[in-house]
Protein chains: 2
Amino acid sequence: MSQVCRSRGCSCKATEWGHVLDEMDCELFARASHERVYEPGMNIFMQGDNCSGVYCIQSGLVGLRRSDDNGNSAMLRLSQNGDVLGYRAVIGKRQHRNTAEVLTRSRVCFIEAARLTMLLQRNPNLKEGFLQRALVDLTTTETNCAEQMTRGLQARFLHLLFRLYQNVEAQQDDREHVFDLPVQRKDIAALLGATPESISRIINRLEEQGLVRFVGRRVIFSNMGRFRAKIQIGIEAATAEA
Amino acid sequence: MSQVCRSRGCSCKATEWGHVLDEMDCELFARASHERVYEPGMNIFMQGDNCSGVYCIQSGLVGLRRSDDNGNSAMLRLSQNGDVLGYRAVIGKRQHRNTAEVLTRSRVCFIEAARLTMLLQRNPNLKEGFLQRALVDLTTTETNCAEQMTRGLQARFLHLLFRLYQNVEAQQDDREHVFDLPVQRKDIAALLGATPESISRIINRLEEQGLVRFVGRRVIFSNMGRFRAKIQIGIEAATAEA
DNA sequence: CATTGCGCTTGATGCATATCAATGTTGTTG
DNA sequence: CAACAACATTGATATGCATCAAGCGCAATG
C-alpha cells in the first residue's frame with residue numbers, strides 16, 4: 001500500500017492519495033502522470049485559468065497567491081512535498097482560484113483532468129483522499145486566517161520563521177539552529193499580508209532583542225529557548241496540521 | 001431528487017447533500033436526524049469538543065469562531081440556511097476546530113456521527129457531497145482571508161454589509177434598500193478582525209459621506225448606486241460562492 | 001421608579017504599519 | 001569588469017486602527 005508509482009519519471013506515492021490506491025490504481029496513476037521541473041518565478045497555473053489537471057509536488061516550495069482586481073494580492077499558503085494543487089478546480093469543475101507561484105526549484109507531477117476524472121470514477125474511494133486533503137487545506141487556511149486577524153506582524157513572522165525552520169530541521173540536523181530562508185523578503189511579506197519594508201524593520205527589532213540574527217537569507221537562532229518561548233501558542237496547531 | 005425528508009420534525013432537503021441522496025437515503029437521513037432550536041448566544045459546539053455529529057442549519061445565522069490560547073479570537077465565517085457544520089470533525093475524526101455561535105434564533109438539524117458514518121458507508125457517493133461542501137468552504141475561507149490581508153477595514157465592512165443585504169434581499173423585496181443587521185456590532189467586529197469602536201467610527205465616516213444611514217441595527221442605503229460602485233470588485237466572487 | 005447591565009458611541013492618545021523616496025546590496029549579463 | 005536590474009534596507013512621514021476611559025441609550029429587573 002505504500003509502493004511507489006514509477007513511470008515516465010513520476011514518483012507519486014500511493015500514501016499521498018489518502019491510502020486508497022491499490023496496485024492497479026497506482027499503475028494507472030503512473031501512466032496518467034508525468035513529471036516536470038519548474039524554476040523559481042514560474043507559475044504552475046494562474047488564477048482564472050481553466051483547469052487542465054492536478055499537480056503533485058515532489059520537491060520544492062510553491063506559494064498560492066490570490067489577487068483581486070485592484071492589483072492587491074496575498075499569498076494564502078505554502079505548498080511543498082506531498083501537497084496536491086489544482087484539485088479543487090478539477091473536482092469542482094471551475095477555474096483556478098489562485099496562482100501557483102514556484103518559489104524554489106520544484107519537481108512537480110502532473111495528471112490530466114480527464115484521466116483523474118476517470119480514476120475517480122473507477123475508484124470512488126479516491127474521493128475520500130481528496131476529501132481528507134480538502135479538510136486539511138481548509139484547516140490550514142482557517143488557522144492562517146485567524147492568526148492574520150488576531151495577531152500582530154511580529155508574532156506572525158516568528159511563527160512563519162518557526163514553521164520554515166521545522167521543515168528543514170528534519171532534513172538537515174547537523175548544524176544546529178541555523179537555516180536558510182527558502183523565500184525572498186517580498187514573499188514573506190506577501191505571506192504575512194505586509195510590505196517588505198515592514199519585514200525589514202521587524203527583523204531589526206528581533207536582532208536588537210538578540211533573539212535571532214539574519215545574514216541575507218541565512219537565519220541564526222542565537223537563543224533558541226527564548227525564541228521558542230516567545231512563540232508560545234500556535235505550535236501544537238501547526239504540528240497537528242500534517 | 002428534491003423531496004424533503006420529514007421525520008421527527010426534521011427537514012433536510014436532499015439537495016443539501018450534493019444531490020447524491022436517493023429516496024432510501026433520504027428516509028434513513030430523516031430517521032437518523034432530529035431538529036432543535038437554538039437561541040442567540042448559545043453554542044452549538046465548542047472548539048476542542050469531541051464531535052458528536054453534524055449540524056444542518058435550516059434557518060437562522062450561526063458564526064464560526066476560532067480562538068487561540070491567548071484569549072484572542074476571530075469569527076471566520078457565517079453559516080446559514082443549507083450550510084452544514086461539524087462535518088470536518090466527523091469525517092476527519094478530530095475535535096471541533098471552531099466554536100459554532102448562534103447569532104440569531106436558528107433551527108438546526110442534528111445527525112449523530114455514528115449514523116452519518118453508516119450512511120457514508122452505505123452510499124459512498126455521499127462523500128462527493130461533503131467533498132463539494134469542503135471545497136466551497138475552502139474557497140469562502142480563502143477569499144475571506146485574502147480580503148482580510150489586502151483590504152482596509154472600511155472596504156471589508158462595506159463588503160460584509162453588501163453580503164448581509166443580499167441575503168435578505170431575496171426574502172423581502174418590498175421595502176427597497178433597507179434592511180436590519182442580523183448581528184451585533186461586536187460580531188461584525190469579530191468578523192472583520194477589528195474592535196467594536198472601530199466599527200462605530202467606520203459607520204460615522206460612511207454616514208458623513210452620505211453613503212448609508214444607520215439607526216440601531218437598521219441600515220438604510222441612501223444612495224445604492226454609489227454604494228455598489230464603491231464596492232466594485234469582490235461581488236462576483238461573493239455571488240459565485242453559492 | 002430607580003437600578004443594573006449591556007451594547008453602543010465618543011474622545012484622547014499611542015502604537016503599528018503603510019507609503020514614498022533614497023540608498024545600499026546582490027546577482028546577472030554582455 | 002562594467003552596467004544593469006532586482007532585491008533589500010533605511011529614513012521621514014502619514015494614517016489607520018487599537019486601547020483606555022467615560023458617557024449614553026435602552027431594556028430587564030427588583
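Keep in mind that what you see is a predicted model, and the values were worked out from it rather than measured. Within every chain, numbering begins at 1; the chains are lettered A, B, ... in the order of the sequence lines, protein sequences first and strands thereafter.
- Between the side chains of S198(A) and T195(A), a donor-acceptor pair is found at a separation under 3.5 Å.
- Between the side chain of R201(A) and the base of dT19(C) there is at least one donor-acceptor pair of N/O atoms closer than 3.5 Å.
- Using a 4.0 Å heavy-atom criterion, one finds that I203(B) contacts no nucleic acid atom at all.
- Residue-level contact check: G41(A) touches neither bases nor backbone, having no heavy atom under 4.0 Å from any strand.
- Phosphate proximity of dT10(C) to N204(B): present, with a side-chain N or O under 4.0 Å from OP1 or OP2.
- N223(A) contributes a side-chain N or O that, together with a main-chain N or O of R226(A), makes up a donor-acceptor pair within less than 3.5 Å.
- Contact annotation for G152(B): backbone-only contact, meaning every heavy-atom pair under 4.0 Å involves sugar-phosphate atoms and none involves a base.
- As rounded to whole Å, 12 Å separates atom P of dA18(C) from atom CG of N72(A).
- Rounded to an integer number of Å, the gap from CG of L206(A) to P of dA16(C) is 13 Å.
- Distance, K186(A) NZ to dA6(D) C1': 8 Å, rounded to whole Å.
- The nucleotide whose nearest atom lies closest to any side-chain atom of S200(A) is, among dA8(D), dG11(D), dA18(D), dA8(D).
- Cation-pi geometry between R36(A) and Y38(A) is met: under 6.0 angstrom from the ring centre, within 45 degrees of the axis.
- Within 4.0 Å of Q154(A), counting heavy atoms only, lies no atom of the nucleic acid at all.
- Distances from the side chain of A194(A) to the nucleotides dT10(C), dA18(C), dC17(D) place dA18(C) closest.
- For the pair R151(A) CZ and dT17(C) P, the computed distance is 13 Å after rounding to whole Å.
- When distances are taken from the side chain of E197(B) to each of dG7(C), dT17(C), dT19(D), the shortest belongs to dT19(D).
- Sequence order on DNA chain C of the closest nucleotides to P196(B) and G193(A) puts P196(B) first from the 5' end.
- Heavy-atom neighbours of R213(A) CZ from other residues, nucleotides or ligands within 6.0 Å: at or below the threshold of 12.
- You won't find any donor-acceptor pair under 3.5 Å spanning the side chain of Q184(B) and the base of dC6(C), going by distance alone.
- Nearest nucleotide to the T195(B) side chain, out of dC20(D), dA18(D), dT17(C): dA18(D).
- Remark: C1' of dG16(D) and CG of L153(A) are 15 Å apart, rounded to the nearest angstrom.
- A cation-pi arrangement, defined by a distance under 6.0 Å to the six-membered ring centre and an angle within 45 degrees of its axis, is absent between R218(A) and F214(A).
- The CD atom of E207(A) sits 15 Å away from the P atom of dA8(D) (whole-angstrom rounding).
- Taking the centre of each ring, Y87(B) and Y55(B) stay at or above the 6.0 Å mark.
- Put simply, CD1 on I202(A) is 9 Å from C1' on dA16(C), counting in whole angstrom units.
- Checking dA8(D), dG7(C), dT19(C) against every side-chain atom of R185(A), the shortest atom distance belongs to dA8(D).
- Taking atom CG of N70(B) as the reference point, atom C1' of dA18(D) lies 17 Å away to the nearest angstrom.
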